[in-house]
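We count residues from 1, following the sequence as given.
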Amino acid sequence: MSAPAHSRGAGREGAVGSRPATGAGEAMASGALLSLGPAATRVGAPARCARWDPNVSNAAGVSHEDGTFTYWHSVGRSVRMQLFSFEQSEAASPSQGQANVQPAALNIPWSLWSFIPGCRGQLIICLRQSSTLITTRIALQELPPIDGEPGSRFPPVVTSSTVQEVTGLQNSTAITALGISSCGSFGALGSLDGTVSFWSIAPNVDPALAPAHSSPSVHQSVHKAPVTAVGLLTGELQDAGVQTALCASGAADQSVFIFDLHAQTRLMSLLTPAGAPVSALSLSLIPPYGIAAPADDPGEPTVFVLLGASDGGVQAWSLRRGHDAQLRSTWLHSQKAPILALALSEDGCSVLSVAETGPHDLEPFSAISPSWVVPGSEPLSGELEVHSVRDWSLQKRRRIMSRDIQENGLRASTGDVDPIVSADFHSRTESSCIVDGFPRLLLSRCSGIIHRWDVSETTRTVSYTHLTLPTKRI
């Protein structure tokens, strides 16, 4: 297997480049080459992280504990992939070239990963306990359609694609947080030693090649504890003449910093009342007189920051030019478990929060209505909550039951629950990704099952779609 060409931006002094990965840093043996190809096994494994693909409508990916990755792109059509290491056999002669290269599957979990908006098929990955980022591409070859049918009934064929290492970030400790802006122009990461780094991303002229990574900004040990979450915001309000590009980072010591991505400087810190490490961050740009604007000065554009903690705490902040950061509200999620994802509704009226399945016993299903728990009814805990921005009151709460419990009415103890381990709100704004003003929600359970949930403001219910993967359980 030949080494790929360098991406644009590589080789410049002080730039973040891409070069053939020599073992993904600490995770690989020196001299090895990497590729992403079809997984050798279809045996199920616990899920780690599920994410929407921002480049393909209704497509998603989920990483597993055994180092495999499943890409789902329509009902019943999914493929399973894995990273492989190739080492040149010592017995191979120069004339044999790569003939004796032997692939070895990497069973190392992807601790962090993301799609790159605007770069179809491109992934950025950090393996467990690694200080290195790698990039690769999902290479799918569609099968020809069958006579009389609009397309193939079978999953596409996975072809191998080369892996490259993102260099120049000067990361000396394990990466603990990763984020990519919704426009795909910026990336950010946090490290075990409290370092925060961000950089620019640009698509390659050849979409089959890795995008260019350049202009790194490394803020060494800016936090005094491991970074646990990063969030990015890029946007503009043409009528107000506002353009912004921000990065927020949160750490295990509850510290939160805001950075300017263009100026590559730290703007401010938030003195949060959080009592636990930050687990999720979400940033939104609010126009003048928007519903989420501060009541004392609604005529200015603001940045709305949502912060979630590992004890279920949620905070809402407003940031304005020339003003101190304003803490708008705080509340505790009913699960009292780590917040996985936060989002602001399209109209700015509601805050959505999703928490891990908490350590509580479930009541018999017959006593738990699958409909929303609304004010005035018996309060129950649930992984999904919606709060009003107007008065911060709880509007809706939903316990997201597993399919078996929903269908069979089973009583489940803590040990029987298939817990939710990751959540992702869709970042795309077209109608296929937003329902009644709420972004579509992707959830993954420990077993590897993933669900799509659509929150409906008009009917106060949630529609449920089970995304069929090759293997549903361990």
Side-chain angles (χ1 to χ4, degrees), residues 36 39 42 44-83 109-117 121-128 136 138 155 177-180 182 229 231 279-280 282 308 335 337-343 352-357 383-384 398 400-403 417-428 432-433 438-455 462-474:
L36 179 71
R42 295 172 70 90
R48 288 189 63 89
C49 178
R51 295 194 180 280
W52 290 112
D53 185 345
N55 304 305
V56 181
S57 181
N58 290 324
V62 58
S63 57
H64 300 275
E65 283 286 352
D66 61 354
T68 59
F69 175 81
T70 302
Y71 184 70
W72 176 92
H73 64 122
S74 64
V75 175
R77 302 190 64 187
S78 57
V79 291
R80 202 173 182 101
M81 314 173 203
Q82 190 163 20
L83 289 172
W110 303 7
S111 62
L112 302 161
W113 70 274
S114 178
F115 293 103
I116 301 178
Q122 295 287 345
L123 300 173
I124 188 163
I125 304 164
C126 176
L127 301 182
R128 185 176 60 188
T136 189
I138 298 174
L178 174 67
I180 306 295
S182 60
S279 59
S282 173
Q335 290 293 97
I339 301 297
L340 298 173
L342 295 159
L352 294 83
S353 59
V354 181
E356 285 186 7
T357 303
E383 292 92 346
L384 176 60
R398 178 62 192 249
I400 304 174
M401 311 291 289
S402 67
R403 164 171 274 195
V417 177
D418 184 8
I420 293 171
V421 295
S422 78
D424 187 35
F425 287 107
H426 219 307
S427 61
R428 293 173 62 166
S432 63
C433 306
F438 293 105
R440 280 185 161 167
L441 173 62
L442 185 71
L443 299 164
S444 65
R445 295 186 178 275
C446 181
S447 65
I449 293 176
I450 61 176
H451 312 280
R452 187 193 74 196
W453 287 82
D454 295 336
V455 183
V462 172
S463 64
Y464 164 85
T465 302
H466 176 71
L467 308 185
T468 305
L469 295 179
T471 303
K472 294 190 291 187
R473 295 196 179 275
I474 300 173

message: Pair L83, L127 - check side chain to side chain contact (heavy atoms under 4.5 Å, CB included), show working.
response: CA-CA 10 Å; L83 289 172; L127 301 182; 3.9 Å; yes
- request: Using side-chain contact (heavy atoms from CB on, under 4.5 Å) as the criterion, list what pairs up with A355, not counting sequence neighbours.
  value: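 A355 satisfies side-chain contact (heavy atoms from CB on, under 4.5 Å) with H333, Q335, I339 once adjacent residues are dropped.
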[X] [atom1] to [Y] [atom2] distance, which is reported to the nearest 0.5 Å:
X	Y	atom1	atom2	result
I180	S114	CD1	OG	5.0 Å
L352	F425	CG	CZ	4.5 Å
Y71	L36	OH	CG	12.5 Å
E383	L340	CD	CG	9.5 Å
Q82	H64	CD	NE2	10.5 Å
L123	D53	CG	CG	8.0 Å

Heavy-atom pair of closest approach, residues [X] and [Y]:
X	Y	value
N55	G121	ND2-N, 4.4 Å
L342	G308	CD1-N, 3.4 Å
R48	S111	NH2-CA, 3.6 Å
A229	A280	CB-N, 4.0 Å
T136	Q122	O-OE1, 3.1 Å
A423	L441	CB-CD1, 4.1 Å

statement: Those residues at least two apart in sequence (or on a different chain) that pass ring-ring contact (aromatic ring centres under 6.0 Å, His included) with F69 are W110, W113
message: Using modelled atom types and a 3.5 Å cut-off, is there a donor and acceptor pairing between side-chain atoms of T70 and backbone atoms of R80?
response: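 Side chain of T70 to backbone of R80: no pair is present.
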- prompt: Do you know which of C446, P109, S444 makes side-chain contact (heavy atoms from CB on, under 4.5 Å) with P46?
  reply: C446
- prompt: L112 pairs by side-chain contact (heavy atoms from CB on, under 4.5 Å) with which of C49, C126, S63?
  reply: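 Of the listed options, the one satisfying the test is C126.
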- request: Quick one: do E356 and I420 satisfy side chain to side chain contact (heavy atoms under 4.5 Å, CB included)? Show the steps, please.
  value: CA-CA 5 Å; E356 285 186 7; I420 293 171; 6.0 Å; no
